[in-house]
Amino acid sequence: MTVRTRVAPSPTGDPHVGTAYVALVNSCFAKKQGGCFVLRVEDTDRARSTRESEEAILESLHWLGLAWDEGPDIGGPHGPYRQSERSASYREHAAQLLAEGHAFKCFCTPERLEEMRVAQRAAHQPPHYDGHCLHLTPREIAEKEAAGIPSVVRLKVPSEGSCIFDDLLRGRIEIEWKTVDMQVLMKSDGFPTYHLANVVDDHAMEITHVIRGEEWISSTPKHLLLYRSFGWTPPAFCHLPLLRNPDRSKLSKRKNPTSILYYRKQGYPAEALLHFLGTLIDARNDDQGLIGRGSSTRERTALLLEHFGEQFELTHISVGGPVFDIPKLRWLCGQWIRRQTPAQFLQLLHEWGYEWPRAIAPEKREHVARVAMERIELLSDFAPLVEFLAEPPDLARQDMALQNLPEEDVRGALESAIENLIPLVGDSWNQAAIGEALKKSAGDAGFKLKDVVRFFYVAVTGKPTSLPLFDGMEILGKEESLRRFELAVEKLH
RNA sequence: GGCGCCAUCGUCUAUCGGUUAGGACAUCGCCCUUUCAAGGCGGAAAGACGGGUUCGAUUCCCGUUGGCGCUACCA
């Protein structure tokens, strides 16, 4: 039997990094076993599901280089891959459960259920469906339906014994049936809940390994009960740890950016995010040798995925929920950026959507890239670093008030710089010569370059820290550089 | 509260009974140096607690504590 795994996102919000993490594991497992990886959209929550969200999720996973063998966008032999398009199947299966006595119709109002829960809570009982509609006669059911009272279908759960199953990561798990609620399977709007749809589809799509988040462990008995009721062989189950916020709670957007869209927009390269996710599923992927391979983002993510797939071992996933450590992710981003050639980096910037200021001539951009890529982590760090090349700084006198150096000394150094820079004409206006000239200027003014260079930075870039100054000035050109020195001198008069 | 899962440096982790408990991020220091970075070198930093089992436990078992998850006509 060929291995088939799936990821089943619910399109109810922004694409979550946790979805990518689960998708990655499923994809790697399938790849390692020579199986298929399926993407199925679980849009049974009519109120919250949107098509935009679905598109964003697929797009984001693709951005990370993830690909599936079957899915709503590419079809496949087990389609449709969108649960909202499989309603008939759920209705039939619910009817079958009803007919065979594995489920029952429930006419309880939300108000009654709420009162029931409040009472149970007050009595320190776990909230549980109380079986109110469990023993309605066919006649009572018919009457209520004739009266137009809305109903749901609930799962019948054994009252004794326990459900025992094997988790691929955690081994034997035992949960007593009395702690399992009589879950709703079909909502009154005619749509299935996760539990029914998930089981029916996993069976229909011949999923062999259900690899999903840890939050599903306590629901697994319900799913197993459904497989048993239908007479189906259940798949193997594997519950992955949940990604955490730094405070260790489940990763949530209240406390952390969780949207892949966010990371993309901020300029986290896809290959770096993918690599980071890879380190979370197997520590052996925390290998700097993996950084930088490939000449385009597409090729880089493909190589990474190939490596992850080959190396993949379920047992290397540790079961403690890992903190989604943004500082480490950022470092990895910087690493990926730095391992590119300047030309590749330019391409990365372009793909990200960076638009060059017109003032920076195309032939100078590779030089800019070369010196800028050494000092950024995210692509969004690039623009602020190079904006001085397009816009003259708006200097204020106090910007020059650094290091308690008297203004006249600063002015002297700046004037000396101008004097030494003027002779540099034509090709002599280059990084090395500029450096020599500025060193001499500092000396002429009675300082070491080190002591006054910060003022030069402020004069040219408007900030005490920026790109390497000599390169910056070479790129800026002689005329504009001198103009900025002169402007700075004026400020000090 | 009930049920379940989990537990090594601040973080991600290695160790599959015997190690000076290793690496990476972050942090600190030094070097390099045109500021800031990057890079190089080095430092500090961990087995939650209590019982067992064993010649020997971070490793196996039990308990405690702690964290997390579930406890919906959301997934």
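These values consider heavy atoms only, across backbone and side chains, with no hydrogens, waters or symmetry-generated copies. We name chains A, B, ... by the order of the sequence lines, and we start the count at 1 in each one. Not measured: the values here are computed from a predicted model.
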Testing B:C74, B:C3, B:U35 for proximity to the side chain of A:Thr179, the answer is B:C3
Taking the side chain of A:Arg338 as heavy atoms from C-beta outward, which of B:C6, B:G39, B:U13 is closest to it?
B:G39
Measure from the ring center of A:Phe276 to the ring center of A:Phe324 and say whether it is less than 6.0 Å.
yes
With rounding to whole Å, what would you report as the distance between B:U35 and B:U19 at their P atoms?
47 Å
Would you mind classifying the nucleic acid contact of A:Leu469 as base, sugar-phosphate or nothing, using non-hydrogen atoms under 4.0 angstrom?
base
Is there a Watson-Crick or G-U wobble partner for B:A44 with both distances under 3.5 Å, and if so, which one is it?
none
Answer yes or no: does a side-chain N or O of A:Arg248 lie under 4.0 Å from OP1 or OP2 of B:U11?
yes
Would you say the side chains of A:Tyr81 and A:Asp201 form a donor-acceptor pair under 3.5 Å?
no
For the C1' atoms, the ones on B:C12 and on B:G52, what distance do you get once it is rounded to whole angstrom?
32 Å
Output the single nucleotide from B:A75, B:U35, B:A37 whose closest atom is nearest the side chain of A:Glu374.
B:A37
Closest of B:U35, B:G23, B:C73 to the A:Arg375 side chain is B:U35
If we take the P atom in both B:C62 and B:C6, what is their distance in whole Å?
12 Å
Please classify the nucleic acid contact of A:Gly320 as base, sugar-phosphate, or nothing, using heavy-atom distances under 4.0 Å.
sugar-phosphate
Does B:C73 have OP1 or OP2 sitting under 4.0 Å from an N or O in the side chain of A:Lys105?
no
Can a salt bridge be assigned to the pair A:Lys250 and A:Glu214 using a cut-off of 4.0 Å between side-chain N and carboxylate O?
no
Does the B:C73 base have a donor-acceptor partner in the side chain of A:Ser188 within less than 3.5 Å?
yes
Base, sugar-phosphate, or nothing for A:Thr12, non-hydrogen atoms under 4.0 angstrom?
nothing
Between A:Leu449 and A:Asp189, who's closer to the 5' end of RNA chain B by nearest nucleotide?
A:Leu449
May I ask you to verify if any side-chain N or O of A:Lys178 is less than 4.0 angstrom from the OP1 or OP2 atom of B:G2?
no
Considering every strand and a 4.0 Å limit on heavy-atom distances, what is the contact class for A:Glu436: base, sugar-phosphate, or nothing?
nothing
Side-chain N or O of A:Gln183 versus OP1/OP2 of B:A75: is the shortest distance under 4.0 Å?
no
Can you tell me the Watson-Crick or wobble partner of B:U65, both distances under 3.5 angstrom?
B:A7
Please classify the nucleic acid contact of A:Thr465 as base, sugar-phosphate, or nothing, using heavy-atom distances under 4.0 Å.
base
Would you indicate which nucleotide in B:G23, B:U13, B:U34 comes nearest to any side-chain atom of A:Asp286?
B:G23
State, without any angle test, whether A:Asn198 and A:Glu42 hold a side-chain donor-acceptor pair at a distance under 3.5 Å.
yes
Does A:Cys108 reach a base, just sugar-phosphate, or nothing at all? Heavy atoms under 4.0 Å.
base
Would you indicate what A:Arg284 reaches in the nucleic acid, counting non-hydrogen atoms under 4.0 angstrom: base, sugar-phosphate, or nothing?
nothing
Flag the pair A:Glu480 and A:Arg484 as a salt bridge only when some basic side-chain nitrogen lies within less than 4.0 angstrom of an acidic carboxylate oxygen.
yes
Contact class for A:Val453 (heavy atom, under 4.0 Å): base, sugar-phosphate, or nothing?
sugar-phosphate
Do any side-chain nitrogens or oxygens of A:Arg154 fall under 4.0 Å of OP1 or OP2 in B:C73?
yes
Nucleotide nearest A:Lys250 when distance is taken to its side chain, options B:C74, B:G1, B:C68
B:C68
Is there a Watson-Crick or G-U wobble partner for B:C55 with both distances under 3.5 Å, and which nucleotide is it?
B:G18
When you compare the side chains of A:Ser249 and A:Lys255, does any donor N or O come within less than 3.5 Å of an acceptor on the partner?
yes
Which nucleotide, B:A75, B:U34, B:C70, lies nearest any side-chain atom of A:His195?
B:A75
Strictly below 4.0 Å: does A:Thr44 bring a side-chain N or O up to OP1 or OP2 of B:A75?
yes
Tell me which of A:Pro246 and A:Tyr457 sits closer to the 5' end of RNA chain B, going by the nucleotide each one is nearest to.
A:Pro246
Mind checking A:Glu174 for me? I need base, sugar-phosphate or nothing, with any heavy atom below 4.0 Å counting as a touch.
sugar-phosphate
Verify ring pair (Phe, Tyr, Trp, His ring centres under 6.0 Å) between A:Phe382 and A:Phe345, making sure each step is shown before the conclusion.
CA-CA 11 Å; A:Phe382 184 77; A:Phe345 173 67; 5.7 Å; yes
Could you work out which one of B:G67, B:U11, B:A24 sits closest to the side chain of A:Asp325?
B:U11
Ring centre gap for A:Phe456 and A:Phe447 strictly below 6.0 Å
no
Pairing check on B:G39: which nucleotide meets the Watson-Crick or G-U wobble criteria with it, both distances under 3.5 Å?
B:C31
What distance, rounded to whole Å, do you find between the two P atoms, one in B:G23 and one in B:A14?
15 Å
Separation between the P atoms of B:C55 and B:G2, rounded to whole Å
39 Å
Base, sugar-phosphate, or nothing for A:Pro468, non-hydrogen atoms under 4.0 angstrom?
base
Could you please name the option among B:U11, B:G39, B:A75 that lies closest to any side-chain atom of A:Glu215?
B:A75
Closest approach of A:Leu155 to A:Phe104 (non-hydrogen atoms, all atoms of both residues)
O-CE2, 3.9 Å
If pairing means Watson-Crick or G-U wobble with both distances under 3.5 Å, then the partner of B:C70 is B:G2
Side-chain N or O of A:Arg117 closer than 4.0 Å to phosphate OP1/OP2 of B:A72
yes
Heavy atoms only, 4.0 Å cut-off, all strands: where does A:Glu176 land among base, sugar-phosphate and nothing?
nothing
Using a heavy-atom cut-off of 4.0 Å across all strands, would you classify A:Leu438 as base, sugar-phosphate, or nothing?
nothing
A:Ser318, nearest nucleotide to its side chain (from B:A75, B:A24, B:U13)
B:U13
